[in-house]
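Data block below; observations after.
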Amino acid sequence: MGTPQQQTPAAGIGTSEEIEQFDAIVIGAGITGLYALYRLREHGLSVRIFEEGGGVGGTWYWNRYPGCRFDSESYTYGYSFSEELLQEWDWKEYYSGQPENERYLNYVADKFDLRPHIRLNSRVVSAVFDEDDDRWLVQLEDGHRARGRFLITSVGILSAGYTPDFEGIDSFKGPWCHTSRWPKEGMDLAGKRVGVIGTGATGVQLITEIAKEVAHLTVFQRTANFCAPLRNGPIDDEAQREIKATYPEIFAKCMATAGSFMHQFDPRSAMEVSPEERLEQYERLWAEPGFKKWLSNFYDVMMPGEANEDYAEFFRNKIRERVHDPVVAEMLVPKDHMFGSKRLPCESGYYEVYNQDNVLLVDVRQAPIERITPAGLKTSDAEYELDVIIFATGFDAVTGSLNRLDIRGIGGQSLKDKFAGGPRTYMGISSAGFPNLFTINAASVGNFVRAAEPLVDWVSEAISYVRENEFTRIAATLQAEDDWVNHVNEAGAKILRSQADSWFVGANIPGKARVLLTAPDSAPVMRAKRAEVAANGYEGFLLE
Ligand code: N01
């Protein structure tokens, strides 16, 4: 294990006068950052994580809103690198909730003795590449500074919360918050008139949960979503034993699929079987838990075309069956985007919420929000009195969390400026002119943990290669970057994920360039590509 060259006495936390030295600096102590810390230390590097939050967990630290939970099976979402960890940890539910997920990541931090290398409450404001020294100088908000040869931004793809710039928000008399900054002490919603803006995966989870306690709930919906029953439940002892005995098979299954989920598409076309057989499959999947309804269906359901529309109509009818008021039901039925073109929110009684007398659904596409008032919210046709407002309005995905850091590469070039038209990277990982920077958050797709582990392994091996061969810089070549960006644009334009106006393509943020923010390729293709690049001596990278 490496040790920092200059370490201060108290848990390695420096004062503003000194500059700590590390081999690698990792920004963010979420799933990826924790694993990067573990893996890089295994490779013999001294590492420090700077984490803005007061605890580890990233997404699972910040998103404390009621109802927050996995939409992938819990046992596919844990780390796979330690057999001991796999056998020790009992997932209690098939789709585990935020408190348990945060507890898991804390358990990991303790088990692998990661905490001494993590500085919490440490917001990085800038990272500047020192060309004389080939190191990154990282500056924190509190004045602390650190220097490291390698910089890894494991800052999450969905971590920069987006709150629309509504006029009058400061005049609102009650409390308000964005779901990703839900107060640790909770929010007292019992008996209150609560307004929720946004009906994405977050809004759907939140609304279902808080509808149980609020006096009145007003949901401001701009776009109706396709949402599927999660069908969560406890994992009993027998299932627990079965899971633990079959982890290798579970992970092998995940690694074979496009999004690293454990569900495999049916190789048949929906339109080639009889209508009866098609419906039988739709109904069977509907009764199953989780993403099966999305990812185990006929393969062409996930392609633009007739099968996709056929399944979309099946979903729409399911919504109509569950909501008593036909006018409200029609408001909840998605008609403006293809099934599967947005991530499928999973729910546990969401549609039934709209059968409650104290819940009102407001269409803010038809009558947009004009302003927040001291007493609530005003749309173009009505005013709503509210005690609390919750913004479930999503994230400035992928680039948003990078843009909050002032990252400067060769010649003082700003990463934010460079990415203004969309991420300019090679494989999401590296950007020309930014040596030794691994933008690891720009490369993961699908089941996050399954994607993050191999990615971190690859980056750690690349770093070891650089060190062992006594290079001091590694960065994508401009040619490799150009080719990759062209590939993302061309291949990305054809896939279902880029068809809807969603965070996948930056369309949820006013003024943001519309480009696919992650790789258009499947996880196995990306792993093979990275392996080939490494086998060819890091082809497409400039090693100096
Ligand atoms: O964010 P979103 P999210 N006026 O962008 C609305 C993951 N996740 O936090 O659709 C009115 O999907 C916006 O409306 P529209 C998952 O990958 C996972 O819900 O743009 N409304 C939309 O309804 C997911 O995809 C889990 O028209 C405005 C909502 O706000 C991703 O996170 C749980 C508005 C934002 O939806 C993001 O989900 C939760 C405005 N000005 C999230 N601006 C799991 O289960 C925005 N909206 C693991």
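Given the structure is predicted, the values throughout are model-derived calculations rather than measurements. Remember, it's 1-based here, ligands and their atoms both numbered in the order they're listed.
The distance from ligand 1 to the heavy atoms of R365 drops below 4.0 Å at these ligand atoms: 27 (O). Every atom of ligand 1 with a heavy atom of T199 under 4.0 Å away is listed here by number and element: 22 (C), 23 (O), 29 (C). Listed by number with element, the atoms of ligand 1 under 4.0 angstrom from any heavy atom of G198 are 6 (C), 23 (O), 29 (C), 30 (O). If you number the atoms of ligand 1 from 1 as listed, the ones under 4.0 Å from a heavy atom of Y162 come out as 43 (N). Counting the atoms of ligand 1 from 1 in the order shown, those under 4.0 Å from a heavy atom of R69 are 44 (C), 45 (O), 48 (C). If you number the atoms of ligand 1 from 1 as listed, the ones under 4.0 Å from a heavy atom of K342 come out as 10 (O). Atom numbering of ligand 1 starts at 1 in the shown order; those under 4.0 Å from a heavy atom of D71 are 44 (C), 45 (O), 48 (C). For ligand 1 and T223, the ligand atoms under 4.0 Å from any heavy atom of the residue are 10 (O), 15 (P), 27 (O).
The protein non-hydrogen atom at the shortest distance from atom 17 (O) of ligand 1 is R343 CD, 3.4 Å. For atom 37 (C) of ligand 1, the closest non-hydrogen atom on the protein side is W503 NE1, 3.7 Å. Considering only non-hydrogen protein atoms, atom 33 (C) of ligand 1 sits nearest to Q205 OE1, 3.4 Å. Protein heavy atom in closest approach to atom 8 (N) of ligand 1: A201 CB, 4.0 Å. In this structure, the protein non-hydrogen atom closest to atom 32 (O) of ligand 1 is L158 CD1, 3.3 Å. Residue, atom and distance of the protein heavy atom nearest to atom 5 (O) of ligand 1 are G394 CA, 3.9 Å. For atom 20 (O) of ligand 1, the closest heavy atom belonging to the protein is R222 NH2, 2.9 Å.
Checking only distances, F70 never comes within under 3.5 Å of ligand 1, N or O to N or O. Polar contact with ligand 1: present for A392 (N/O pair, distance under 3.5 Å). Of the N or O atoms in T202, one or more lie within a sub-3.5 Å distance of an N or O in ligand 1.
Note that the CG atom of L455 and the OH atom of Y35 stand 10.5 Å from one another [nearest 0.5 Å]. Atoms CZ and CZ, from F226 and F314 in turn, are 12.5 Å apart once rounded to the nearest 0.5 Å. Residue W484 holds its CH2 atom at 7.0 Å from OG1 of T425, rounded to the nearest 0.5 Å. Here the CD-CD distance, from E93 to E100, works out to 8.0 Å after rounding to the nearest 0.5 Å. From Y95, atom OH reaches atom CG of N232 across 7.5 Å, with rounding to the nearest 0.5 Å.
For F220, no heavy-atom contact with ligand 1 is shorter than 4.0 Å. Only side-chain heavy atoms of P164 come within less than 4.0 Å of ligand 1; its backbone N, CA, C and O stay farther off. Heavy atoms of Y77 found under 4.0 angstrom from ligand 1: none, in either backbone or side chain.
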**Message:** Test side chain to side chain donor-acceptor pair (under 3.5 Å) on N317 and R320; report intermediate values, then the result.
**Reply:** CA-CA 5 Å; N317 287 332; R320 290 178 181 119; 2.8 Å; yes
**Asked** Between H263 and E73, is a side chain to side chain donor-acceptor pair (under 3.5 Å) present by the stated rule, with each step listed?
**Response** CA-CA 10 Å; H263 312 296; E73 293 71 18; 3.0 Å; yes
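N297 and Y282 share no side-chain donor-acceptor pair at under 3.5 Å. Between the side chains of S80 and E453, a donor-acceptor pair is found at a separation under 3.5 Å. If you check the side chains of Q98 and E102, you find a donor sitting under 3.5 Å from an acceptor. When only modelled atom types and interatomic distance are considered, Y107 and E88 share a side-chain donor-acceptor pair under 3.5 Å. No side-chain N or O of R69 forms a donor-acceptor pair with one of S96 less than 3.5 Å apart.
With Y79 contributing its side chain and I31 its backbone, the two residues share a donor-acceptor pair below 3.5 Å.
Contact analysis leaves F448 out of contact with ligand 1, as no non-hydrogen atom separation drops below 4.0 angstrom. Within the structure, ligand 1 lacks Q221 among the residues with a heavy atom less than 4.0 angstrom away. Residue F391 places every heavy atom at 4.0 Å or more from ligand 1. Judged by the shortest distance from any of its heavy atoms, Y95 lies outside the 4.0 Å radius around the atoms of ligand 1.
Annotation: side chain of M255 is not in contact with side chain of P524 (no heavy-atom distance under 4.5 Å).
Between S72, P368, A507, G200, it is G200 that holds the heavy atom closest to atom 36 (O) of ligand 1.
Every residue two or more places apart in sequence or in another chain was checked for a salt bridge (charged side-chain N to carboxylate O under 4.0 Å, His left out) with D363, and none qualifies.
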